[in-house]
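Chain letters run A, B, ... following the sequence lines, proteins first, then strands; residues in each count from 1.
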Protein chains: 4
Amino acid sequence: MDQESLQVKQPRGARRRARTRANLLVAARKVFATCGYHDATITEITETAAVGVGTFYLHFRDKEAIFNTVLTEGLEAIRQRVGEEMAHEDNPSLPVVVRAIFHQVYAQRDILRIERTGEGVAARSGGPGMLLEMFTRFLEQVPDLSPFSEEEIPLLTALLEGLMDRAFHCWWDEQDEPDPDLMADRVLHVMQHGFPASLFEEPQQSFFNHSSLPQLFE
Amino acid sequence: MDQESLQVKQPRGARRRARTRANLLVAARKVFATCGYHDATITEITETAAVGVGTFYLHFRDKEAIFNTVLTEGLEAIRQRVGEEMAHEDNPSLPVVVRAIFHQVYAQRDILRIERTGEGVAARSGGPGMLLEMFTRFLEQVPDLSPFSEEEIPLLTALLEGLMDRAFHCWWDEQDEPDPDLMADRVLHVMQHGFPASLFEEPQQSFFNHSSLPQLFE
Amino acid sequence: MDQESLQVKQPRGARRRARTRANLLVAARKVFATCGYHDATITEITETAAVGVGTFYLHFRDKEAIFNTVLTEGLEAIRQRVGEEMAHEDNPSLPVVVRAIFHQVYAQRDILRIERTGEGVAARSGGPGMLLEMFTRFLEQVPDLSPFSEEEIPLLTALLEGLMDRAFHCWWDEQDEPDPDLMADRVLHVMQHGFPASLFEEPQQSFFNHSSLPQLFE
Amino acid sequence: MDQESLQVKQPRGARRRARTRANLLVAARKVFATCGYHDATITEITETAAVGVGTFYLHFRDKEAIFNTVLTEGLEAIRQRVGEEMAHEDNPSLPVVVRAIFHQVYAQRDILRIERTGEGVAARSGGPGMLLEMFTRFLEQVPDLSPFSEEEIPLLTALLEGLMDRAFHCWWDEQDEPDPDLMADRVLHVMQHGFPASLFEEPQQSFFNHSSLPQLFE
DNA sequence: CATGAATGAGGATTCATTCAT
DNA sequence: AATGAATGAATCCTCATTCAT
């Protein structure tokens, strides 16, 4: 009874308040995705949320605050669902994790676009660290990283993330088409075996001779 | 005498004009690197350049214009110097190219930071395509990309770029320390052989059991 | 009680808003009358209205917008009051109409001065057409315009308007003195009988001989 | 020999100077006619004149100065040519004068448009007084102005001018078509006999009854 | 709690005018 | 005399934020 009353306590305005806040977040996400952080205006957000301007400041300190909330909650949701997806697996390996990430990020790829537009704003609040953090924990548990040392875990994580990040941006930047599973295949292959070997073979017929250089680096 | 007159041709105000323009570009680069695109103001740029406000508009249409010029000229310079560095090589292979890129980008890593802060602005002008373009030409000349198809060249290029991009950002984001050569070593290793094999082995002792999951994806 | 609630309906900020808008219009009219359209500044208008700069843009898109509003509402008011004045007449003839117009325009002659200063700006919004429109309707109902044809109605209207317009401008340009009724007398006389006949008689003693010409057209 | 040398004296830079000044005036007239006084810029004038910006200030104190010069010289030219046209006439009457004015103003109607756009600027310099001045002299020599008094000469002149002014503006505002002679006919008729008599007759069937009023003055 | 009218600091941009060459 | 690069005062306009209702 005590616990229940605590949860249902003060449903007077509290519920309404929560709904307003939620509306604002949804609206902000939509507006940020459309205009980017810098061109979004509070007014447009509140109008989209069908809420008065002043109401905004009842729920968020300023634009940066709601931006970070949108981002954090968005990333958090992705994390959650990745976790849920993997709950079915008994013993998830890196490929399984990566695949799950691709699935979930694809499903909410607006969040990534939003993250991008914030740049300096989000950086401060550790937004983009989502993948970094996950991978870091992963790498820390692997016994043998040779030829890399333990100090290089951050670098490795960054590279992993860079790989995936670019894959993500093939989607919102250009097209939606390589479906998440296919995309995961390709990226995982590169992760495991690197890029095609012939890229590193001695160029038999020099395509990098002096005559072609000017074209490459004009 | 002939040569001199060629150099001194039209030195009336043209020289002064060029100097002013150069000052503005240097100032803008400094300001953009410090504040980022969105927080930079024309006034701060002109003050840094020790030039009147109006002078700015004599040389550039608006903030976006000077931003793109800074970026384009900066990337162009990098491209130039990469080309020069490789001119010494008789038969440059991908590792050599990558290494040269690391050298030159490191030397001018403010440009990358600047590029980032512009986000949507620069994208339109093809700024970030520098590496993409270079790698694309490279990949197009390689005979065998298996298991990738030719249609996937853009994806491969993006991934290559993503890898390097992250490496670059280890510098301006955090510290300056892994020197370019070392960094190139690590990245090249991943490019050739992928990430450490043990990452993909069956987890012998499940570190991904259900009890640890909540921590990973909380 | 019913009536009251109708009047007080939505009095939250709506009343305040309306008052502010009215203040701005009054202020703008004053400033435009003083400085003319081109030399008037938004700041001066808002200061006169004892209102913040931003408030201006809450009510009008730009200077042109408030200018047209001032003009339109001003002319509208004149039209209204001309109509009211003639409501007393049973069968208003042109002289009666003209006289009413003179009365009302005189009472608000700042509007005309304002209209003038806008020139190209107001032209687009059909501002100066007030008299034109009124006279056009009048002329269209007259059976016999000989020696003019129906196609010449626009020209006749323009001429009528030109006559009155000049009369109006004797007031704001120079002095206020010929009172509206007297002025109407004179203009109506010209309208009916043309200018003094002797102007068109053969000059008995040539005042236009060759010796005086240079003085006239030097 | 003496006289000749006086005229040709200092042809060194003087001639060039004069040509430059003339170029500026032609350019200014073109630009003012296109953009109006307020939107015309010194730069556009000097560019049109193919002359350096600084050169402008060698010949005119500021924009207002060149505007007044353009206007004054333009009106002066009209006056000149009106004079010339009438030199053929032995004993010019008002109709002849008016007709000549219509001819010449029509031939250079850009000047009127320019005058308009200046409004307050030109007013100070007595620009628009051209016709006023001519008519004033005319009226002053007429023996009998009844029923007008001598004190009303300014008013009569203004009305005369208003009539012609409107006629002029039928041209640059709307179309070029009623040719000058026809236009002069119509205006002269109104000048001599006033507007069609039926306009002043008692409205037999009341077209100004109370039901139609609201339409007229809504 | 919610509202939205009001605010004004702050930034972009223009253009008449000067002055060194 | 002619030039045109440089200047900066002046103006417009936006938008995050406050506060009275």
Chemist: Taking the minimum atom-to-atom distance to the side chain of C:T41, which one of E:dT17, F:dT11, E:dT14 wins?
Modeler: F:dT11

Chemist: Taking side chain as C-beta onward, heavy atoms only, is D:L71 less than 4.5 Å from D:F32?
Modeler: no

Chemist: Within this structure, what is the OH-to-C1' distance between B:Y57 and E:dT13, rounded to whole angstrom?
Modeler: 5 Å

Chemist: With sequence neighbours excluded, tell me which residues meet salt bridge (Lys or Arg N to Asp or Glu O under 4.0 Å) with C:E73.
Modeler: C:R21

Chemist: Measure from CD1 on A:I45 to P on E:dG4 and round the result to the nearest Å.
Modeler: 17 Å

Chemist: Not counting sequence neighbours, which residues clear side chain to side chain contact (heavy atoms under 4.5 Å, CB included) with A:T117? List them please.
Modeler: A:Y37, A:F67, A:R113

Chemist: For D:I66 and E:dA16, what is the distance between atoms CD1 and P respectively, to the nearest whole Å?
Modeler: 12 Å

Chemist: Hey, can you pull the donor-acceptor pairs under 3.5 Å for the side chains in residues 54-61 of chain D, sequence neighbours left out?
Modeler:
unit_1 : atom_1 : unit_2 : atom_2 : d
D:T55  : OG1    : D:G52  : O      : 3.4

Chemist: Figure out the NZ/P separation between B:K63 and E:dG10, and round it to whole Å.
Modeler: 16 Å

Chemist: With sequence neighbours left out, write down each residue that passes ring pair (Phe, Tyr, Trp, His ring centres under 6.0 Å) with A:H38, or none if nothing qualifies.
Modeler: B:H38

Chemist: For a quick check of understanding: with a heavy-atom distance under 4.0 Å over all strands, which category does A:A40 fall into, base, sugar-phosphate or nothing?
Modeler: sugar-phosphate

Chemist: If the condition is side chain to side chain contact (heavy atoms under 4.5 Å, CB included), which residues does B:A27 pass it with, not counting sequence neighbours?
Modeler: B:I45, B:T48, B:A49

Chemist: Would you mind reading off the distance between D:L24 atom CG and F:dA2 atom C1', rounded to a whole angstrom?
Modeler: 11 Å

Chemist: Whole Å only: how far is the NE2 atom of A:H38 from the P atom of F:dC15?
Modeler: 14 Å

Chemist: With 3.5 Å as the limit, what N/O pairs link the protein to nucleotides 5-9 of chain F?
Modeler:
unit_1 : atom_1 : unit_2 : atom_2 : d
F:dA6  : OP1    : B:R16  : O      : 3.4
F:dA6  : OP1    : B:T20  : OG1    : 2.1
F:dA6  : OP2    : B:H59  : NE2    : 2.9
F:dT7  : OP2    : B:G52  : N      : 2.8
F:dT7  : OP2    : B:T55  : OG1    : 2.7
F:dG8  : N7     : B:G54  : N      : 3.0

Chemist: Starting at OG1 of B:T20, measure out to CG of B:L25 and round the result to the nearest 0.5 Å.
Modeler: 11.0 Å

Chemist: What is the separation between atom OH on C:Y37 and atom P on F:dT11, rounded to the nearest whole Å?
Modeler: 14 Å

Chemist: Is DNA chain E part of any stem, that is, at least 3 consecutive Watson-Crick or G-U pairs with both distances under 3.5 Å, and where?
Modeler: E:2-21 with F:2-21

Chemist: Of the nucleotides F:dC12, F:dT17, E:dT18, which one has an atom closest to the side chain of C:I42?
Modeler: F:dC12

Chemist: Could you state the atom-to-atom distance from CD of C:E47 to P of E:dT7 in whole Å?
Modeler: 12 Å

Chemist: Can you name the residues that form a side chain to side chain contact (heavy atoms under 4.5 Å, CB included) with D:T41, not counting sequence neighbours?
Modeler: D:T43, D:E44

Chemist: Only counting residues at least two apart or in another chain, list the ones meeting side-chain hydrogen bond (donor to acceptor under 3.5 Å, both in side chains) with D:D110.
Modeler: D:R29

